[in-house]
Amino acid sequence: MVTMVPVLLSLPLLLGPAVPQETQVGPYSLAFLYTGVSRPSKGLPRFQATAFLNDKAFFHYDSEGRKAEPLGPWSQVEGMEDWEKESQLQKAREEIFLVTLKDIMDYHKDSKGSHTFQGMFGCEIQNNRSTGAFWRYAYDGQDFIEFNKEIPAWVPLDPAALNTKKKWEAEKVYVQRAKAYLEEECPEMLQRYLNYSRTHLDQRDPPSVSVTSHVAPGRNTTLKCLAYDFYPQRIGLHWTRAGEVQESEAGGEILPNGSGTYQSWVVVGVPPQDRAPYSCLVEHSGLAQPLTVSWNGRQ
Ligand SMILES: *[C@@H]1O[C@H](CO)[C@@H](O)[C@H](O)[C@H]1NC(C)=O
Ligand SMILES: *[C@@H]1O[C@H](CO)[C@@H](O)[C@H](O)[C@H]1NC(C)=O
Ligand SMILES: *[C@@H]1O[C@H](CO)[C@@H](O)[C@H](O)[C@H]1NC(C)=O
Ligand SMILES: *[C@@H]1O[C@H](CO)[C@@H](O)[C@H](O)[C@H]1NC(C)=O
């Protein structure tokens, strides 16, 4: 059974254009989210790990079942991973992870209550090249430590993390290993997984777009542009005034819209005397070209 815990760290949207050019492939990402809880409430595992391909959960492991199990369409794919070996790997990581949680609690003398430690790491590739990677941890929802692969070193984001840094950098080779994991192993793994996953990850649902306005006499007219039912998550959504992109007054978040799709909206205020043409500009990889929806509400 998959038990979801509140995600304190959210999956980052790595940098990249909203609309891949035709010759480009991807971007694709592989990411792992680990959560450890010192005193799990009933029914909640002490440790759980979820792997994601792009934004889709691809396998899950927890301290109750102690088995890495493929999810969704990946449970039907043969030969993609040796799940027995993956379970052993996750078991080993669980141990290290929970030791780190205990160390931090000892440092803070946090013996009371329940504490949460989360880790997240992963990589991105585009056109078969590594284009990004990250590795960071949070303690009780606060940034704790992150890996900088350019130095390379663990960078503490909390005083208590100095101890963790010391431990994780006790030998120089540990740092080199972390760097190699992000820059080589992870992209290679992703490349291999892609061989089995492209059809699921290349799904493209173009956004439906609706433009609505709210007019109040003597006040700004509020224009709202809503894009919905789209996949993947990455989208460019803007109001333009006479062709110039306007800063949105509200919205901008990308929210789940059911069945694995997303929605987002942006808002702009139009002063009563303004006669310039306003349009909503939508860029998405499911659209052959950017979509422009003009606002015709003003007669
Ligand atoms: C991607 O790169 C790997 C090694 O870097 C290579 O083995 C593989 O053939 C490449 N795949 C494509 C589709 O170019
Ligand atoms: C890609 O997947 C096919 C099966 O779908 C498999 O036969 C082949 O060996 C895989 N190639 C790589 C490089 O993993
Ligand atoms: C997505 O959002 C739109 C607008 O909020 C809504 O009309 C639509 O029913 C939603 N789709 C699903 C599958 O929930
Ligand atoms: C009206 O809209 C203009 C242009 O978007 C903005 O600069 C201004 O602050 C808005 N005024 C109010 C009262 O919201």
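First listed ligand is number 1; within each ligand, the first listed atom is number 1. Quick note: residue numbers are just sequence positions, from 1.
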>> Does ligand 3 come near enough to Asp229 that some N or O of the ligand is less than 3.5 Å from an N or O of the residue?
In response: yes
>> Among all protein heavy atoms in this structure, tell me which lies nearest to atom 7 (O) of ligand 3, with the distance rounded to 0.1 Å.
In response: Tyr228 CE1, 4.4 Å
> Checking Ser197 side chain against Tyr193 main chain: does a donor-acceptor pair fall under 3.5 Å?
Replying inline: yes
>> Considering both backbone and side-chain atoms of Val270, is one of its nitrogen or oxygen atoms within less than 3.5 Å of a nitrogen or oxygen in ligand 4?
In response: no
> For atom 5 (O) of ligand 4, which protein heavy atom lies nearest, and how many Å away is it?
Replying inline: Gly269 O, 2.8 Å
> Do Tyr278 and Gln246 meet the criterion of a side-chain donor-acceptor pair at a distance under 3.5 Å?
Replying inline: no
>> How far is atom 2 (O) of ligand 3 from the closest protein heavy atom, and which atom is that?
In response: Asn257 ND2, 2.5 Å
>> Using only atom types and a distance under 3.5 Å, with no angle test, would you say the side chain of Asp229 pairs donor to acceptor with the backbone of Pro207?
In response: no
> How about atom 9 (O) of ligand 4: does it have a protein heavy atom within less than 4.0 Å?
Replying inline: no
> Quick one: side-chain hydrogen bond (donor to acceptor under 3.5 Å, both in side chains) pairs with a partner in residues 169-185, sequence neighbours left out?
Replying inline: Lys149-Glu183, Lys165-Glu169, Lys179-Glu183
>> One pair to check against side-chain hydrogen bond (donor to acceptor under 3.5 Å, both in side chains): Gln126 and Thr131. What are the steps and the verdict?
In response: CA-CA 6 Å; Gln126 185 156 11; Thr131 49; 4.7 Å; no
> Which of the listed options, Thr221, Val268, Asn220, holds the heavy atom that is closest to atom 12 (C) of ligand 4?
Replying inline: Asn220
> Backbone N or O of Leu237 within a donor-acceptor pair of the Glu283 side chain at under 3.5 Å?
Replying inline: no
> At what distance is the nearest protein heavy atom to atom 4 (C) of ligand 3, and which residue and atom is it?
Replying inline: Leu226 CD2, 3.8 Å
>> Can you tell me which portion of Thr261 lies within the under-4.0 Å heavy-atom range of ligand 3? Options are side chain, backbone, both, or neither.
In response: neither
> Does an N or O from Ser259, backbone or side chain, lie closer than 3.5 Å to an N or O of ligand 3?
Replying inline: no
> Quick one: does Arg66's side chain have a donor or acceptor within less than 3.5 Å of a partner on Gln90's backbone?
Replying inline: no
